[in-house]
Chemist: 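This is the structure I want to talk about, given as structure tokens.
One-based numbering along the sequence shown.
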Amino acid sequence: MAWLASPPPTANTDASIASDASAVPDASGALATPAPRTARHNGTHPASERPMIEVRNLRKEYVMGTERVIALDRINLDIARGQICCIYGESGSGKSTLLNQLAGMERPTRGGVRIGGIVVSRLDERELAEFRQKHIGFVFQSYNLLPGLNAVENVAMPLMFRGVPREEREARARAMLRRVGLGKSLNHYPSQMSGGQQQRVGIARAFVTRPQVVFADEPTGNLDSKTKVDIMDMIRDFARENGQTIVLVTHDDHMAAYADRIVTLLDGRIVHDTEQDR
């Protein structure tokens, strides 16, 4: 398949994309994918519908001194639209490397990644930035809030990159913050909030644009047990409401239990792939 090739992207190099109508953004920048269907509770869809995320023969190597380290090897994975998929594994298993590959943060040594029909592993930096702004949300373990901006301004930031007028984006940000229980903290800065409050801001920021895919990297890693449950309930409920695909990276069994599916990595390979009953 042409999209699996790994040379640097050049104009019109991927004939399979050019001939695939679902791989081309429409005039508004939205992915030209089939009309949304009502997701089943576990996020699965008919076999005829293209998966939201497709990974083929993915391999990632790093050169460390004189050694070549294989971080990921022969990863093949389809993630359905609307599915909450957990990438599970201990430290060093390759789960964070896989998340970086899915999000286009790093280029694969071999193989490729499609999201919504777009081969993200072949996009250049400008194209990747534009793609993420339009279609991807992120929830980070360390929150990654801008310290000089208050809660509303942090949540409104992705909307600013989309060109949404200030009054509208701040109104949408305030509405999202109220939904995550921060209606009384709209003007608070990160230094004035607890870890749980900061992560609520992070969730509001990730979902305010209603992205098709949200990547959550150990989103509860710095939180107490009660706050972990609250945060995961929010992520799950937003995803169900909007039919969004969630890729959750964790080593926590309790957090993995929120997923429709658990893909377990060990030494850079998938060793288990389990659907969970709902």
Side-chain angles (χ1 to χ4, degrees), residues 1-25 31-34 43-62 68-89 93-125 127-128 131-132 134-136 211-215 217 244-249 259-275:
M1 297 174 64
W3 68 281
L4 296 180
S6 57
T10 57
N12 300 321
T13 56
D14 193 336
S16 66
I17 297 178
S19 63
D20 186 348
S22 68
V24 182
L31 292 183
T33 48
T44 60
H45 291 265
S48 60
E49 182 172 319
R50 167 175 246 158
M52 174 55 73
I53 299 175
E54 302 166 85
V55 183
R56 294 292 180 271
N57 299 322
L58 191 69
R59 181 181 177 95
K60 181 62 180 177
E61 301 176 357
Y62 297 99
R68 186 177 299 274
V69 177
I70 301 173
L72 296 172
D73 190 25
R74 289 182 284 180
I75 301 293
N76 288 283
L77 181 65
D78 286 343
I79 300 176
R81 298 173 188 275
Q83 188 174 66
I84 300 177
C85 180
C86 173
I87 308 299
Y88 178 83
S93 63
K95 62 186 187 297
S96 293
T97 303
L98 179 55
L99 181 69
N100 289 341
Q101 293 291 313
L102 298 179
M105 300 295 189
E106 299 179 358
R107 293 199 180 278
T109 304
R110 299 177 193 164
V113 176
R114 282 185 190 262
I115 298 179
I118 301 295
V119 187
V120 296
S121 52
R122 295 183 62 85
L123 299 179
D124 62 28
E125 290 304 316
E127 292 167 335
L128 272 170
F131 181 83
R132 293 191 198 105
K134 291 180 177 178
H135 307 296
I136 305 297
Q212 291 175 304
V213 179
V214 174
F215 294 113
D217 187 7
Q244 292 157 307
T245 302
I246 307 294
V247 179
L248 166 69
V249 168
D260 305 312
R261 175 184 178 192
I262 301 176
V263 177
T264 303
L265 294 187
L266 178 65
D267 297 332
R269 294 187 178 186
I270 296 175
V271 292
H272 296 290
D273 187 347
T274 307
E275 298 273 354

Chemist: Can Ile115 and His135 be said to form a side chain to side chain contact (heavy atoms under 4.5 Å, CB included), step by step?
Modeler: CA-CA 9 Å; Ile115 298 179; His135 307 296; 5.9 Å; no
Chemist: Is there a donor-acceptor pair under 3.5 Å between the side chain of Arg132 and the backbone N or O of Ala103?
Modeler: yes
Chemist: Tell me, do Ile75 and Leu265 make a side-chain contact under 4.5 Å, heavy atoms counted?
Modeler: yes
Chemist: Calculate, to the nearest 0.5 Å, the distance between atoms CD1 and OG1 belonging to Ile262 and Thr274 respectively.
Modeler: 6.5 Å
Chemist: List in chain and number order the residues that pass side-chain contact (heavy atoms from CB on, under 4.5 Å) with Leu266, two or more places apart in sequence or in another chain; answer none if no residue qualifies.
Modeler: Val271
Chemist: Does Ile87 reach the side chain of Cys85, with side-chain heavy atoms less than 4.5 Å apart?
Modeler: yes
Chemist: How far does CZ of Arg68 sit from OG1 of Thr109, to the nearest 0.5 angstrom?
Modeler: 8.0 Å
Chemist: Hey, which of Val113, Ile270, Leu58 is the one that makes side chain to side chain contact (heavy atoms under 4.5 Å, CB included) with Leu98?
Modeler: Leu58
Chemist: Could you give the distance from CD1 (Ile246) to CD (Gln83), rounded to the nearest 0.5 Å?
Modeler: 11.0 Å
Chemist: Say you draw a straight line from CG of Leu248 to CG of Asp260; how long is it, rounded to the nearest 0.5 Å?
Modeler: 11.0 Å
Chemist: Do you know which two heavy atoms are closest between Gly112 and Ser121, and how far apart they sit?
Modeler: CA-OG, 3.4 Å
Chemist: Find out whether Asn57 and Asn76 are in side-chain contact, i.e. whether some heavy atom of one side chain is under 4.5 Å from a heavy atom of the other.
Modeler: yes
Chemist: Taking the side chain from Thr245 and the backbone from Met52, do they hold a donor-acceptor pair closer than 3.5 Å?
Modeler: no
Chemist: Quick one: does Lys60's side chain have a donor or acceptor within less than 3.5 Å of a partner on Ala71's backbone?
Modeler: no
Chemist: So which atom in Pro108 and which in Gly111 form the shortest heavy-atom distance, rounded to 0.1 Å?
Modeler: CG-O, 3.7 Å
Chemist: Could you report the tightest heavy-atom contact between Val263 and Arg261, atom names first, then the distance?
Modeler: CG2-NE, 3.9 Å
Chemist: Given 3.5 Å as the limit, does a donor-acceptor pair link the side chain of Arg81 with the main chain of Arg50, or not?
Modeler: yes
Chemist: Between Arg107 and Asp124, does any NZ, NE, NH1 or NH2 come within less than 4.0 Å of an OD or OE carboxylate oxygen?
Modeler: no
Chemist: Does the side chain to side chain contact (heavy atoms under 4.5 Å, CB included) test come out yes or no for Val55 and Asp78, once each step is laid out?
Modeler: CA-CA 6 Å; Val55 183; Asp78 286 343; over 6 Å; no
Chemist: Could you give me the CA-CA distance, side-chain angles and deciding distance for Arg110 and Asp73, then say whether salt bridge (charged side-chain N to carboxylate O under 4.0 Å, His left out) is met?
Modeler: CA-CA 9 Å; Arg110 299 177 193 164; Asp73 190 25; over 6 Å; no
Chemist: Are Arg59 and Ile70 packed together at the side-chain level, in the sense that at least one heavy-atom pair is separated by less than 4.5 angstrom?
Modeler: yes
Chemist: I'd like to check the side-chain hydrogen bond (donor to acceptor under 3.5 Å, both in side chains) partners of Glu106; sequence neighbours left out, ordered by chain and number.
Modeler: Tyr62
Chemist: Just so I know, are the side chains of Gln244 and Pro211 near enough to count as touching, which here means a heavy-atom distance under 4.5 Å?
Modeler: yes
Chemist: Taking only residues two or more places apart in sequence or in another chain, which ones pass ring-ring contact (aromatic ring centres under 6.0 Å, His included) with Tyr88?
Modeler: none
